[in-house]
Each structure stands twice: as C-alpha cells, then as structure tokens.
Amino acid sequence: MLALRDDPIMAIATPPGRGAVGVVRISGKHLKAFAESLCQQALTPRHAHLLALKDAQGQAIDQVLAIYFPGPHSYTGEDVLELQGHGGTIVMHMVMARCLALAQSTKPDSTPWLPHLRMAQAGEFTQRAYLNQKLDLAQAEAVADLIDANTEAAVRSAGRSMQGAFSDQVHALKAALVHLRVQIEACLDFPEEDLDFIKAMQVAEQLQSLLQHAAALTSQAKQGALLRDGLKLVIAGQPNAGKSSLLNALAGAELAIVTPIAGTTRDVLSQSIQMEGVPIHVLDTAGLRDHTQADEVEQIGMERAWAQIKQADIVLLLNDVARTDDAYRQQQRQLQEDIEAVLPKHTSLLLVDNKCDMVTTTSSTKALQISAKKGLGLQALRTHILQLAGWQSSAQEGVFTARARHLEALAVVLQHLQAAQQMLNHPQPALDLLAEECRLAQQSLSSLTGEFSADDLLGEIFSNFCIGK
C-alpha cells in the first residue's frame with residue numbers, strides 16, 4: 001500500500017447496498033482540472049454544486065452534489081472530490097465507471113487526465129491523512145473505533161481520541177522524557193561528575209514523575225480498551241444451576257430456554273449487553289457434570305463450555321444454593337478446582353450463589369448472593385463484574401479509546417522507566433545505560449502516535465478499516 005501512495009484513489013464511501021444517498025470519493029494530487037472536466041463546470045472550493053453527471057456520450061447518469069476540497073485543506077491532505085448521488089448499487093458503479101473512463105481518456109494536450117486512478121484499498125483514505133500529517137496514528141485508529149463503536153460511551157471515547165486527547169497525553173509524557181534525556185546525554189562527556197549531576201538535575205525526581213505519569217496513562221488506556229473491546233463473561237456451573245435464567249436476566253429478554261430438565265442447554269449461547277457503557281459478551285454454556293452421565297450431544301456441549309472457559313476474561317461460576325445434598329456440594333467444589341486449574345492468569349473467577357430467595361440462610365462463602373428468577377442482587381453483580389474488569393465509573397468522562405497495541409507499548413514504556421529507576425539506585429549508576437533506557441522508552445511512546453512505526457504495522461492497522469474510509 002505504501003508503494004502506491006502517490007496514485008489517485010477512488011471508492012464508494014457509503015455502505016454497500018441501496019440507500020437514499022451514495023458517495024463516491026476521489027483523492028489525489030492535482031484533481032482540479034479533472035474534477036471540472038468531469039462536472040463540466042468550474043467548482044468553487046468547499047461549495048456544493050448541484051449538477052447532472054454525464055457519461056462520455058452526454059447522457060445523464062445521475063443528478064449529484066459535487067464538492068471539491070483542494071489540498072492540503074481536506075481530509076487526506078490531497079485534493080478530494082466527493083460526488084453525492086442516489087444510493088443505488090448500479091448508479092454508484094456507473095458513476096465510478098465514468099470517473100475511470102475520463103481518467104484514462106486524453107486531455108487537449110494528448111495526455112491522460114489521471115492514468116493511475118485506481119480503487120482504494122481498505123483504510124487508504126485515512127492512511128493518507130496519516131501520511132500527510134493530518135492525523136497521527138492514534139487519531140487515525142480512533143476513526144475506525146468511532147465507526148465500530150457499539151455503545152454511546154465507546155463513541156464518546158473514540159471521539160476524544162480522534163480529537164487528540166490520547167495523543168496530547170503521549171506528547172506531554174514524551175516531552176518530559178526528552179527533556180530528561182537531553183540532561184543525561186549532556187553529561188556523558190563528564191563521567192567524573194555523575195553523582196553531582198544526578199543530584200543537581202533531580203534525575204530521580206524526574207524519573208519518579210515520569211513513572212507516575214506513565215502509570216496514570218496506562219490506567220486510562222485500559223479503560224478505553226474496555227470500552228472498545230468489551231470483555232468476555234462465561235457463565236459456568238452444574239446443570240440446573242440457573243445459568244440460562246441469569247443470561248435472560250442480564251439481557252432483559254428470554255433468549256435461552258429454561259426448564260427443570262438437566263442438560264437443556266446443549267450449545268454455547270451468546271448475547272452482547274452493556275454495563276455502564278462497557279460491552280459485555282455474555283456466554284451461557286452447557287451444564288458441567290460427569291461425562292458418563294451425559295449423552296453424546298451434551299458431551300459435545302460440555303467440551304465447548306470448557307473451551308470458552310479457557311478463553312474468558314471473567315468466568316462466573318454459578319452455584320445452586322438451594323441444593324444442600326453432599327454430593328452436589330462436593331461436585332461444586334471439584335468443579336471450582338477444575339476451573340481454577342485451567343484459567344489463564346488474566347482471567348478472574350467470580351463465585352455466585354443463585355436462588356437465594358429459596359433459602360433462609362446465606363452461604364458461608366464469599367460468593368455473591370442473587371436470584372436470577374426474581375432479579376435479586378443483579379445490580380450488585382453488575383457492579384462486581386465491572387470492578388473485576390478494572391472499570392472505574394468516576395473516570396468515564398475523560399476516557400479515550402485504546403487498543404491492545406497501545407497497552408503493549410505503554411507496558412514497554414513502564415518497563416524501561418522502571419529499569420532506569422533501578423539503575424539510578426545503584427551506588428555508581430552508568431549514565432550511558434540510563435540514557436539508553438530513556439531512549440527505548442521514548443521509542444515505544446513514539447510508536448503510539450506513529451512517529452516510529454514499521455510499514456507492516458501500518459498495513460495491518462489500516463487493512464482493518466472499511467473501504468472508502
């Protein structure tokens with residue numbers, strides 16, 4: 001994609017299918033003459049012109065609004081032409097065919113108008129905005145996050161990132177880090193004055209401040225990642241513990257069949273809900289019990305349940321507190337041990353006692369007490385799920401969107417700053433090694449906004465965008 005960055009590009013910028021309005025977008029250098037030839041009239045920058053778009057034979061294709069944005073004052077930083085017409089699939093392709101035909105035809109000076117005009121690849125318009133410094137990489141990613149957001153909170157957080165809230169904090173942290181690097185590297189030629197320099201320049205205090213800033217930024221980024229990606233909550237338990245009833249209660253709809261018959265749920269049922277704007281992907285699984293007591297279909301369901309447990313962010317182990325027989329309780333303890341044995345390190349196990357409305361005394365364990373059927377304790381359950389996920393309701397207004405790669409980069413920043421701090425605590429700290437740790441931390445920070453990014457990373461990021469954006 002990077003090798004073709006100078007080609008003029010074109011795409012339908014509206015969703016595929018029929019609609020009231022469809023938009024064809026063209027971006028490239030020196031589009032003005034081509035745009036005016038296509039529209040057969042002069043185009044005032046950033047003004048909408050209502051006109052009949054005609055084919056090579058002078059037959060009208062569609063009545064469109066043509067808007068010309070001369071670079072660099074456009075979304076991509078290049079000249080941009082937008083043709084807004086009726087949103088039929090055929091008419092949109094006829095408009096593009098006309099643009100391609102004119103691009104390859106000859107001008108009065110016997111040269112083609114835009115011989116290399118081609119269809120845009122996924123995310124290529126936004127990639128050009130990044131390459132032309134209209135957006136940094138974090139802002140460009142926020143464009144896709146805004147489009148994909150499925151909660152209002154996620155929309156707001158993506159909007160903040162797109163406006164530069166995340167980037168501003170990264171730049172502020174990097175500026176402080178660069179200031180420290182300059183001080184350290186200026187003293188490398190005077191090694192005999194290392195200790196005096198460290199005290200005079202308050203290097204330890206500056207490093208501590210950087211660590212606190214980086215930790216706070218990481219915490220905010222984790223909130224944003226939750227809003228963007230949500231979390232996977234798997235409801236597990238023995239048959240008839242009330243797993244399907246809990247799914248229905250959390251979703252507020254009768255999604256799963258609930259019966260007294262053991263093994264009613266044979267497959268994984270999934271429903272996405274939101275709690276305080278955080279997307280929660282809830283999975284109801286088959287009841288887990290001795291394989292020898294289940295038929296072949298139920299055994300397959302249990303195998304799928306275990307597979308989901310191993311991939312969960314939170315596993316909610318449901319216990320039927322109304323069951324008091326020793327055999328059930330022993331099986332519940334064994335099930336908890338088996339789940340704990342396979343859980344990844346990042347996964348939390350949440351113990352919940354269901355059917356608390358059917359007993360007079362609560363369990364002696366630390367399990368949450370709920371009644372999925374009566375709706376008791378559900379709000380406390382929602383709050384606890386969000387707490388386990390690390391969600392902070394008080395910080396919601398300032399949250400910006402973030403991705404896994406952002407968290408990984410910030411983790412590297414913290415790692416190098418902590419290494420620098422440990423090095424500084426040595427009786428005879430080596431300033432060259434200290435400077436190198438700061439340089440590596442700065443490099444990782446720069447990758448967040450794209451000032452230091454490999455081409456293959458850019459290709460991976462923008463290939464996940466929709467066509468025309």
Side-chain angles (χ1 to χ4, degrees), residues 145 148 150 154 215 217-239 241 243-244 246-247 250 265 267-276 278-291 299-319 331-354 365-368 381-392 399 401-415 418 444 460 464:
D145 295 341
D148 294 336
N150 52 21
L217 184 58
T218 301
S219 178
Q220 285 181 284
K222 286 179 179 178
Q223 302 289 297
L226 263 179
L227 283 179
R228 178 184 182 270
D229 301 324
L231 60 88
K232 183 176 180 180
L233 173 69
V234 173
I235 304 175
Q238 297 187 61
K243 299 182 297 298
S244 296
L246 180 55
L247 171 66
L250 291 174
T265 301
D267 206 346
V268 176
L269 301 178
S270 176
Q271 179 65 25
S272 292
I273 63 175
Q274 53 176 295
M275 299 178 185
E276 296 187 18
V278 178
I280 310 290
H281 311 295
V282 186
L283 285 80
D284 173 26
T285 59
L288 300 174
R289 59 175 174 170
D290 188 345
H291 276 257
Q299 288 181 19
I300 295 173
M302 287 191 284
E303 290 173 2
R304 293 182 178 180
W306 281 109
Q308 294 297 337
I309 287 170
K310 294 174 184 178
Q311 299 171 7
D313 295 306
I314 297 177
V315 174
L316 189 158
L317 178 56
L318 205 60
N319 173 43
Q331 291 168 2
Q332 188 70 13
R333 286 192 293 269
Q334 185 61 52
L335 180 56
Q336 180 177 339
E337 292 175 5
D338 292 343
I339 291 176
E340 289 173 339
V342 300
L343 283 188
K345 290 182 179 179
H346 71 274
T347 303
S348 300
L349 178 61
L350 175 57
L351 303 180
V352 178
D353 284 345
N354 188 31
T365 68
K366 296 181 180 179
L368 290 175
L381 175 60
R382 294 186 182 97
T383 300
H384 200 74
I385 289 171
L386 292 174
Q387 288 174 346
L388 285 177
W391 179 245
Q392 299 172 13
V399 171
T401 192
R403 298 181 170 207
R405 81 167 191 93
H406 301 154
L407 297 180
E408 291 168 4
L410 287 170
V412 172
V413 172
L414 284 170
Q415 175 185 334
Q418 288 165 351
S444 188
E460 180 181 346
N464 292 318

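Thr285 approaches Ala236 most closely through the heavy-atom pair OG1-CA, 3.8 Å. Nearest heavy atom pair, residue His281 against residue Ser272, reads ND1-OG, 2.9 Å. Closest heavy-atom contact between Ala305 and Ala286: CB-O, 4.1 Å. Of all heavy-atom pairs spanning Pro279 and Leu226, the tightest one is CD-O, 3.6 Å. Across all their heavy atoms, Ala389 and Leu231 have their closest contact at CB-CD2, 3.1 Å. The two residues Met302 and Leu288 make their nearest non-hydrogen contact at SD-CA, 3.9 Å.
Inter-residue side-chain proximity for Leu351 and Lys366 is flagged as unmet; no heavy-atom pair is nearer than 4.5 Å. Under the 4.5 Å side-chain criterion, counting only non-hydrogen atoms from C-beta, Leu246 is in contact with Leu250. In this structure, Arg382 and Glu276 have side chains that are not in contact, with every pair of non-hydrogen atoms separated by 4.5 Å or more. Using a 4.5 Å heavy-atom cutoff, the side chains of Leu217 and Val413 are not in contact. In this structure, Asp338 and Gln334 have side chains that are in contact, with non-hydrogen atoms separated by less than 4.5 Å. For the pair Arg289 and Gln331, the minimum side-chain heavy-atom distance is 4.5 Å or more. You'll find the side chain of Leu227 reaches within 4.5 Å of the side chain of Val278, heavy atoms only. Residues Leu335 and Leu317 meet the side-chain proximity criterion, which asks for heavy atoms closer than 4.5 Å.
Here the straight-line distance linking atom CG of Asp284 with atom CG of Leu269 works out to 5.0 Å at 0.5 Å rounding. Here Leu316 contributes atom CG and Asn354 contributes atom CG; the two are 9.5 Å apart, rounded to the nearest 0.5 Å. For the atom pair NZ of Lys232 and CD1 of Ile314, the computed distance is 13.0 Å after rounding to the nearest 0.5 Å.
For the side-chain contact (heavy atoms from CB on, under 4.5 Å) criterion with Trp391, the lone passing option out of Ile385, Thr383, Leu386 is Leu386. Screening Ile339, Asp313, Val315 for a side-chain contact (heavy atoms from CB on, under 4.5 Å) with Thr347, the sole residue that qualifies is Val315.
Lys243 places no side-chain N or O within 3.5 Å of a backbone atom of Leu283 that could act as its donor or acceptor partner. With His384 contributing its side chain and Leu381 its backbone, the two residues share no donor-acceptor pair below 3.5 Å. Although no hydrogens or angles enter the test, the distance criterion places no donor-acceptor pair under 3.5 Å between the side chain of Gln332 and the main chain of Gly237.
In Lys222, the NZ atom is not crowded: 12 or fewer heavy atoms of neighbouring residues, nucleotides or ligands sit closer than 6.0 Å.
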- Task: Start with the C-alpha gap between Ser219 and Gln392, add the side-chain angles, then the distance that decides, and say whether side chain to side chain contact (heavy atoms under 4.5 Å, CB included) holds.
- Result: CA-CA 10 Å; Ser219 178; Gln392 299 172 13; 3.8 Å; yes
- Message: Leu350 vs Leu233, test: side chain to side chain contact (heavy atoms under 4.5 Å, CB included). Steps then yes/no.
- Response: CA-CA 10 Å; Leu350 175 57; Leu233 173 69; 5.5 Å; no
- Mind running side chain to side chain contact (heavy atoms under 4.5 Å, CB included) on Leu343 and Ile309 for me, showing each step along the way? CA-CA 7 Å; Leu343 283 188; Ile309 287 170; 3.9 Å; yes
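Judged purely by distance below 3.5 Å, without hydrogens or angles, the side chains of Glu340 and Gln336 pair a donor atom with an acceptor atom.
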